[in-house]
Amino acid sequence: MTYDYVAKKLNINGIVQGVGFRPFVYKLASQYEIKGDVSNTSSGVVIHIEGIRDNIESFCRDLAEKSPPLAHITDTSIYPETVKGFKKFSIEQSIGQAACSTLISPDVSICDDCLRELFDPDDRRFQYPFINCTNCGPRYTIISDIPYDRPKTSMKHFKMCKMCQDEYDDPENRRFHAQPNACKECGPHVTLYDNSGKKLDARNSVEKTAELLKQGYTVAIKGLGGFHLAVDAANNDAVATLRSRKHREEKPLAIMSCDIKHIRKYAYVQPEEEELLKSFHRPIVILKKKEPNSLSKQVSPRNRYFGVMLPYTPLHYLLLSHNFTALIMTSGNMSEEPICIDNEDAFERLSKIADYFLIHNRDIYLRSDDSIVKYTAGDTRFIRRSRGYIPVPVFLKKKVAQILACGGGLKSTICLTKGNNAFISQHIGDLDNQETYEFYQLTIRHMKRILDIDPVIVAHDLHPDYLSTIYALEQQNIKKVPVQHHHAHIVSCMAENRLDGPVIGLSFDGTGYGTDGSIWGGEILISEDKRFERAAHLSYVPMPGSETAIKEPWRMAVSYLYDAFGEELYSLDLPVLKEIDENKIRFIVEMISKQINSPSTSSLGRFFDGIAAIIGIRNYVVFEGQAAMELEMLVEKNTNKTYDFEWISGDMHKILLQPIVCGVVNDMSKGVHPSDISSKFHATVIKLFSELCDVIRKESGLNRIALSGGVFQNSIILSGLMEKLEEKGFQVFTHTQVSANDGGISLGQAMVAAAACNG
Ligand code: ZN
Ligand code: ZN
Ligand code: FE
């Protein structure tokens with residue numbers, strides 16, 4: 001028998017480390033009787049293979065098609081080699097800097113194999129809360145440096161027992177090189193404490209925790225990316241207590257159920273949502289409530305939705321096996337502070353909220369909140385991209401320099417770029433307190449280290465007072481590129497859709513510093529990555545009291561009413577004018593007319609707030625965008641009816657708000673139900689912008705539209721505008737990889753800076 005014996009070298013890039021890739025290669029090689037080796041090098045994973053030509057071809061095909069679920073190959077190059085006469089196939093250890101170029105995997109929910117072992121009384125890891133394998137377990141949150149090997153993770157403190165080590169060393173084993181591999185004998189363990197720091201003498205800490213939760217106590221539970229605060233979601237008193245202790249009186253609280261069957265007891269689950277819930281990222285998925293349901297009304301008041309997730313760690317599964325419909329699993333923090341990750345810190349900060357603490361001794365190196373997604377308008381929409389998705393990059397159309405983009409002020413993230421990759425950080429939060437700012441700086445340092453990026457450019461917002469801007473300007477010997485907020489939104493949408501521009505960009509949000517010093521937020525920008533032109537915007541109104549007007553939408557209501565009615569506003573019959581003391585209203589009107597502390601704004605988000613207050617939804621909010629969100633929640637059915645609208649044409653079209661405000665007030669005086677007014681208002685916004693886009697298309701010749709900004713988290717606006725624009729023949733691009741809100745702007749900033757530096 002004659003055969004053709006050949007050799008090849010393969011160079012592979014992507015997420016191929018810590019995800020069972022090398023064992024997969026090893027198995028594939030033995031299946032096809034191939035000799036050679038596999039190693040991590042500075043240019044990715046390199047595989048030398050020698051064997052019969054047909055087998056080599058099958059090997060290469062399978063490598064692409066059958067790679068493990070967590071692996072993500074971004075490119076493969078195959079080169080011919082001379083036959084060296086390898087005697088076997090071997091896995092070479094990763095050495096020093098060599099392994100630094102491969103991408104790090106995000107944290108991954110427990111896999112089916114490990115889950116089976118967890119509940120198998122005959123398995124040596126029966127009920128062990130830290131069971132994991134090459135296909136699952138913590139990654140990003142336990143890494144301190146690269147390469148991703150055990151000594152560079154928080155597992156370095158645990159020396160593997162003989163049995164674990166044998167698994168770790170055996171390429172045929174599911175736990176081959178699983179860095180967090182551990183068992184009851186050698187690995188981390190959980191302990192239960194009360195909030196005075198006294199250890200509870202429980203035979204089984206997890207069972208005892210379940211018992212305490214059943215009794216209505218709040219338990220702080222250390223998880224993967226930080227602490228959760230848990231209570232039984234069906235226990236109304238317990239949920240109410242948690243709310244008041246956490247000072248989180250309005251925002252929906254995330255819940256966790258053991259499986260889809262349990263979730264269906266209180267929420268509708270569409271097939272796409274089920275897929276998201278079960279994905280290894282295990283995000284919180286926004287699901288429509290079933291009414292009535294057995295959960296506490298306090299879980300998600302004044303909202304048609306629940307935020308729900310499935311368990312993602314073995315510990316969660318053990319807890320949820322104690323027959324709860326759902327547990328509240330909200331971030332372990334006081335509202336607006338970063339989530340706790342450290343045991344000592346947790347006792348300090350959470351002992352006034354939690355009655356008990358279920359902690360463990362595996363350190364979390366980088367906190368990571370749960371991700372939040374919603375399935376809307378035919379796709380997954382990120383509200384918060386964090387644990388489970390980070391640090392998977394956005395793969396860019398072209399190579400860019402190493403850039404640090406500092407993000408905005410609210411819902412901050414940062415972005416680091418290298419080659420074709422844009423790495424966006426986990427959700428950091430609102431940069432308005434020292435704790436969050438420290439977390440912000442730590443994240444930058446940490447990501448630079450583990451991604452091996454040394455930026456040559458720093459991009460930042462135009463707002464001079466944002467801590468992110470201040471941070472950027474403090475950096476020495478580095479080129480700085482300021483980027484307008486709404487331009488960054490649009491470019492971030494362009495980047496994830498791999499567009500060069502120009503596009504018609506609809507950039508709608510609550511707040512962002514404009515090039516004229518005003519607060520923008522209802523902008524149509526003709527955008528390229530390098531520059532933009534403002535094609536249209538909402539006409540300016542004053543924001544009486546500046547930032548205070550965000551927390552007190554009644555002030556915006558007064559501003560829009562004064563803009564439309566002048567002094568006649570006092571004679572209008574509106575709830576807001578009765579509920580707020582007349583002297584206060586006169587004072588606000590004076591601020592407006594004398595232009596005292598009343599910056600002008602073209603924000604669409606503020607307009608939603610103002611309308612919400614005018615129709616009596618709420619005068620004060622606890623979190624940004626709350627009134628606008630409740631305005632959306634009020635809509636029961638879509639309508640074709642709209643209010644009159646109008647814009648003044650010019651180089652820059654100016655959208656007038658008076659006709660809409662008058663229409664709303666008129667409906668109020670006729671006693672039209674607020675729910676119908678809200679439907680009509682939403683329909684008006686959709687119709688107005690779709691018609692305006694028509695005009696701008698004629699002027700600019702552009703047919704591509706990018707939608708970005710926090711307002712697009714409003715499902716009615718997003719799906720309504722997409723539908724109307726597509727009907728008109730526009731090509732519409734939206735966010736599906738990063739969030740439309742300010743969590744996405746760091747990506748846009750980086751891309752603007754990259755373009756600016758290319759001349
Ligand atoms: Zn596993
Ligand atoms: Zn062990
Ligand atoms: Fe924004």
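Remember, it's 1-based here, ligands and their atoms both numbered in the order they're listed.
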To the nearest 10 degrees, could you say what angle the Fe ion (ligand 3) makes with OD2 of Asp509 and NE2 of His485? 90°
Are Lys162 and Asp166 ion-paired here, with the side-chain N under 4.0 Å from a carboxylate O? yes
Taking the N/O/S atoms of Asp742 one by one, which is nearest to the Fe ion (ligand 3)? OD1
Using the Zn ion (ligand 2) as the vertex, how large is the angle between SG of Cys161 and SG of Cys183, rounded to 10 degrees? 100°
Using the ring-ring contact (aromatic ring centres under 6.0 Å, His included) rule, take Phe119 and Phe126 through it: C-alpha gap first, then chi angles, then the decisive distance, then the call. CA-CA 6 Å; Phe119 289 105; Phe126 177 56; 7.6 Å; no
Please state whether the separation between the Fe ion (ligand 3) and some N/O/S atom of His489 is under 2.8 Å? yes
Taking it one step at a time, do Phe130 and Tyr128 satisfy ring-ring contact (aromatic ring centres under 6.0 Å, His included)? CA-CA 6 Å; Phe130 301 92; Tyr128 179 57; 5.7 Å; yes
Can Lys159 and Glu185 be counted as an ion pair, charged N to O under 4.0 angstrom? no
